[in-house]
Each structure stands twice: as C-alpha cells, then as structure tokens.
Number of protein chains: 2
Amino acid sequence: MSLTEKVDKRAHILSIAEELFAENGFDGASVRDIAQRANVNLAMISYYFGSKEKLLEALIEDRAGYTTGILVELAKNQTLTPWDKIDRLVEFYIEKIMNNYRFHCIMSQTYCQTRSTEIKELIINIKMRNLEEIKKVISDGQKKKIFGKVDVELTMASVFGTLTQVVNSAALYSRLMKIEESDDATYRKKMSTRLKTHLKQMLRAHLDIKNEE
Amino acid sequence: MSLTEKVDKRAHILSIAEELFAENGFDGASVRDIAQRANVNLAMISYYFGSKEKLLEALIEDRAGYTTGILVELAKNQTLTPWDKIDRLVEFYIEKIMNNYRFHCIMSQTYCQTRSTEIKELIINIKMRNLEEIKKVISDGQKKKIFGKVDVELTMASVFGTLTQVVNSAALYSRLMKIEESDDATYRKKMSTRLKTHLKQMLRAHLDIKNEE
DNA sequence: CACAAAATTAAACAAACGTTTAAATTAAAC
DNA sequence: GTTTAATTTAAACGTTTGTTTAATTTTGTG
C-alpha cells in the first residue's frame, strides 16, 4: 500500500466516491464499485462513514467548505469597485467549477432527485449562504447607481446556469463547437477562457446602468 | 379501469415513468415503483417496452418530437426581425420547459450520468438539431449588423442554463426569493413572468451591437 | 513482550433489483 | 361458436444491492 493511501485512506475513499457519483449518479454507483476502485475492503466504507448516504454527506461537507469564506471577504471589501468584484466573482467561479467539475456535477444532480431531506437541506443551506453574499455585491452596485435595475436572483441564475450548462453538457457543447477530438481536460481549459470573456461581456452589458431602457 | 387508461395504457405508463424518473432519477426509480403507481402489472413494462432502458428511450423519443419543427420554421422565417425571433425563442422555451419541467429534469440528468451510449447519443442528437437552428437565428442577426460579436454557443448556454437552473433548483431559488410558501405550480407561474422579463432584457443588452465595447 | 484498541478481512445477511416464465384471461377474426 | 392472437397475471428467476457479522491482523502503549 502506498504512503499516500495509508496516510489518509478516508480521503482516498472520498475522492473515489466523488469520481463514481459524478460518473454514474448516487444510485448508479454501488458501494462495491467504490470499494473496488479505491482498493479497500467493502466493509471499510461502513466502518469509516456509517452508510452510503453518510458517505455522500461527508463528501459534500468536505468539499463545500472554503467557498463561503472567500465570498464574504469579497462582499465586504471596500476598495474594489462593483465592476472589479463582478470580474473576480466570474473568474473565481469558473476556476472553481472547472477544477471541481466532478463535485459540481454531483451537487447539481443530488438536490433535485435525492429522497433524503437531510442532504437536500445541507446543499440548499450551503448554496443559500453563498448566493446571499453574491447578492450583496450586485445590490451594492445598484445602490451606487453603477448597476441598473436588473433581476438580481435571475442574474445569478444566469451566471451559474451558464457554468452548469457548459460543465454538465460537455459532450453536447464540445460537439457543437467542434472541439470534440480533444480530451476533457483540454475542453475545460478552452472553455475557461471563452467563459471568462463571455460572462464578463454579458454581465457588463446587462448590469450597466447606461444600457437601461 | 377507466376509459383513458384503457385506451392508451402505454402512454399512461410513460407519463408515470416521467414522474418517477424526474423525482428519483433513472436508477432511483424502480420498475416496481412505476408499475405500482401506474396500476399495471410489473410484467407489462417489459411487455410494452422490452426493458427499463428502452422505456426511458421511448419516453425521450415521445416527448422530444415536436420542438425541432417549430425552430426550423422560426429560423427560416423572413418576415420577423432578429429581435422578434429572440423574443419568440425566449417565450417558446420558457413555456415549453415550465410545462414539461419533469421531462426537462430527466433530460438534464440522464445525459451526464447514463452508462448507455445509445441514450446519450439520442439526447445529444436531439439537442444538437435544436441548437443548430437557434444558432442560425443569432448568426443571421449578426450578419445583418443588428447583433454584436457575441459568443454564439455560450449565449445559448446562458439562456438554457438560466432556465435549467430555475427549474432544477426550484427549492433553492424559491427560498432565496422568499416565495417558498406557495406550491410548485405557482412557483413556475411566477418564474415564467420574471424569466421572460429577465432573459429579454439581458439578451437585448448583450446582443445589441450598440453596446459593443 | 504483552495487552488493548483500532483497522481490516472474508463471508453472510435480507431486501430489492430488472427480467422471464408459463398459465390465465380477454379480444379479434373467421 | 370456435380458434387464434393479444393481453394480463402471479410467481419465480438469478443478480445485485447496502449493511452487518465475527474472526483476524495491525497498530499503538505501558
């Protein structure tokens, strides 16, 4: 057994679970699949996490931790202009979602199909916290008469929707844009650049108070 | 047994399957669940469709039929301006997705987690066909110097992403907007109106050649 | 080294899964 | 009315599921 596995077998199981949940969905990935690919005994998963559902819960709690802190910092930052903040938000989320596309895939699938109220609540609370911070940034820009009277919630839905769409429907968009030959990593690299340009440009036009009808 | 069930039992099974696939996902909904809620014998599903996977395939083929026709008509229409076409597209898709939110939920989940290449291809082909038509509308507006130099594919991703986000994360956004007390139907009704305003406004600012930097 | 706690294992558990069978019922055709 | 085909049924098929057991090995501590 390699050193890294030995040191943190729990983390290793989590990362394999992330892979398989993203590939096949929560119900589509069996505990046996996870145990086998992680090279651990089947019973170890119950031993470490208690149950399959608790495993998902542990994964979510582990991965969703640090984002909120960054957003809080950004929201209460006084030196950056609202436009700067928007740019930073866009860059941060593109980076985050592209680097954690597997986890993002799990999140978007889980909370619209999970039977467990507990997990649903967990996810919603995490997302609520983050959305509230972003809301502050936009509302602040509106108060300062820099941003126009846009629908704040739906503007956020557009940003996250765009990212989700590009990540979750990679097979579709890579074919539509004729970059299908390349592997998934290159797809995400290319898309990061295009997404930054597109979202910044769109938000600039959409939010700008000068474009208000 | 009621008349409507008798007349088209196959369609009835499809509609129940749509419900349960949307609620629990493909793997989360068992053939027994579907049979029970549809009030048919378990074996009837194999009898009519062959297998669970074929059932999903039949559902997709049944539901995804008529959209392409409408888009083709709109794309080649010569009397409408590009702006009119955008408005019609927005209205059409909001209506469509809100009325078929269950099916839309199945589609967005299936093709990023299904092991079956066949179904994946089926979905991608349907979506590709439709996206190609919409692409024509935007490209046409660009050629006529009405729309600016936007990223066409990502603009579409933003529109569909927004809709998907609002439908699939209903629990999140209804809480964020504090309309949680009302039922799902009222949520979708309220959101239809807001979405129309938001998407039209955003696309107007984003596409307008005058707002080009 | 000895001993207790933690980690790991193979085996078994009952329940649920998708699918098939073969018999029974209904409908259609002549 | 008889015969043939289509439909419907209850029961069983063999797998796979998540979880638990009880025995074994490894680890850390005095």
Side-chain angles (χ1 to χ4, degrees), chain A residues 1-60 106 109-110 113-119, chain B residues 1-60 106 109-110 113-119:
Chain A
M1 193 185 299
S2 84
L3 186 82
T4 51
E5 283 178 61
K6 183 77 194 65
V7 166
D8 208 343
K9 185 174 267 191
R10 207 189 105 103
H12 181 235
I13 294 174
L14 276 183
S15 124
I16 299 292
E18 187 178 27
E19 271 182 39
L20 280 163
F21 284 155
E23 276 175 35
N24 306 329
F26 179 75
D27 292 298
S30 76
V31 180
R32 280 175 178 79
D33 291 342
I34 298 170
Q36 193 171 11
R37 198 188 281 191
N39 274 312
V40 300
N41 187 278
L42 171 63
M44 292 307 292
I45 287 171
S46 291
Y47 180 77
Y48 274 122
F49 301 98
S51 70
K52 188 186 180 184
E53 202 166 284
K54 290 267 184 63
L55 167 63
L56 174 60
E57 235 175 287
L59 178 65
I60 293 173
I106 295 170
Q109 300 203 355
T110 303
Q113 92 176 198
T114 306
R115 269 80 70 227
S116 154
T117 324
E118 213 170 327
I119 292 186
Chain B
M1 193 185 297
S2 83
L3 187 83
T4 51
E5 283 178 59
K6 184 75 193 65
V7 167
D8 208 343
K9 186 174 266 186
R10 206 188 107 104
H12 182 235
I13 294 175
L14 276 182
S15 126
I16 298 292
E18 186 178 29
E19 271 181 40
L20 281 163
F21 285 155
E23 276 175 37
N24 306 329
F26 180 74
D27 292 298
S30 76
V31 180
R32 279 175 178 78
D33 290 342
I34 298 170
Q36 194 172 10
R37 199 188 279 192
N39 273 311
V40 300
N41 187 279
L42 171 63
M44 291 308 290
I45 288 171
S46 290
Y47 180 76
Y48 274 122
F49 301 97
S51 70
K52 189 186 182 185
E53 204 166 284
K54 291 270 185 63
L55 167 63
L56 174 59
E57 234 176 289
L59 179 65
I60 294 173
I106 295 171
Q109 301 202 354
T110 303
Q113 94 177 195
T114 306
R115 269 81 70 226
S116 153
T117 323
E118 213 171 327
I119 293 187

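Labels below follow one simple rule: chain letters A, B, ... track the order of the sequence lines, proteins then strands, and each chain is numbered from 1.
Looking at every heavy atom in both residues, B:A35 comes nearest to B:L42 through CB-CA, 3.8 Å. Contact record, A:A29 with A:K52: O-NZ, 2.8 Å, taken as the closest heavy-atom pair.
Nucleotide D:dT2 forms a Watson-Crick or G-U wobble pair with C:dA29, both donor-acceptor distances falling under 3.5 Å. Summarising the base pairing, D:dA10 is matched to C:dT21 through a Watson-Crick or G-U wobble pair whose two defining distances lie under 3.5 Å.
Looking at A:T110 and A:F21, their side chains never come closer than 4.5 Å, going by heavy atoms from C-beta outward. By the 4.5 Å heavy-atom criterion applied to side chains, A:L56 and A:I106 are counted as neighbours. The side-chain heavy atoms of B:L20 and B:E23, taken from C-beta on, include a pair separated by under 4.5 Å.
Atoms CG (A:L56) and C1' (D:dG18) sit 15 Å apart, rounded to a whole Å. For A:E53 and D:dT17, the CD to P distance is 17 Å, given to the nearest whole Å. In this structure, A:N24 atom CG and D:dG18 atom P are separated by 12 Å, rounded to whole Å. For the pair B:D33 CG and C:dA15 P, the interatomic distance rounds to 17 Å; values are reported in whole Å. Atom NZ in B:K52 sits about 15 Å away from atom P in D:dT16, given to the nearest Å. The separation between B:F49 atom CZ and D:dT7 atom P is 13 Å, rounded to whole Å. Distance NZ (A:K54) to C1' (D:dG18): 14 Å, rounded to an integer number of Å. Computed from coordinates, the B:K9 NZ to D:dT9 C1' distance equals 10 Å when rounded to whole Å.
Within the nucleic acid shown, B:A35 has no heavy atom closer than 4.0 Å to any nucleic acid atom. Note on B:S46: a base of the nucleic acid sits closer than 4.0 angstrom, heavy atoms only.
Here A:S30 reaches the OP1 or OP2 of D:dT17: one of its side-chain N or O atoms lies under 4.0 Å away. Checking the phosphate oxygens (OP1, OP2) of D:dT8, a side-chain nitrogen or oxygen of B:Y48 falls inside 4.0 Å.
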- Query: Yes or no on side-chain contact (heavy atoms from CB on, under 4.5 Å) for B:F49 and B:I13, after CA distance, side-chain angles and deciding distance?
  - Reply: CA-CA 10 Å; B:F49 301 97; B:I13 294 175; 3.7 Å; yes
- How far apart are the C-alpha atoms of A:I34 and A:L55, what are their side-chain angles, what is the distance that settles it, and do they pass the side-chain contact (heavy atoms from CB on, under 4.5 Å) test? CA-CA 11 Å; A:I34 298 170; A:L55 167 63; 4.0 Å; yes
Close N or O pairs between protein and nucleotides 10-14 of chain D (under 3.5 Å):
residue: D:dA10; atom: OP2; partner: B:N41; partner atom: ND2; Å: 3.4

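Set against D:dT19, C:dT8, D:dT8, the side chain of B:M44 has D:dT8 as its closest nucleotide.
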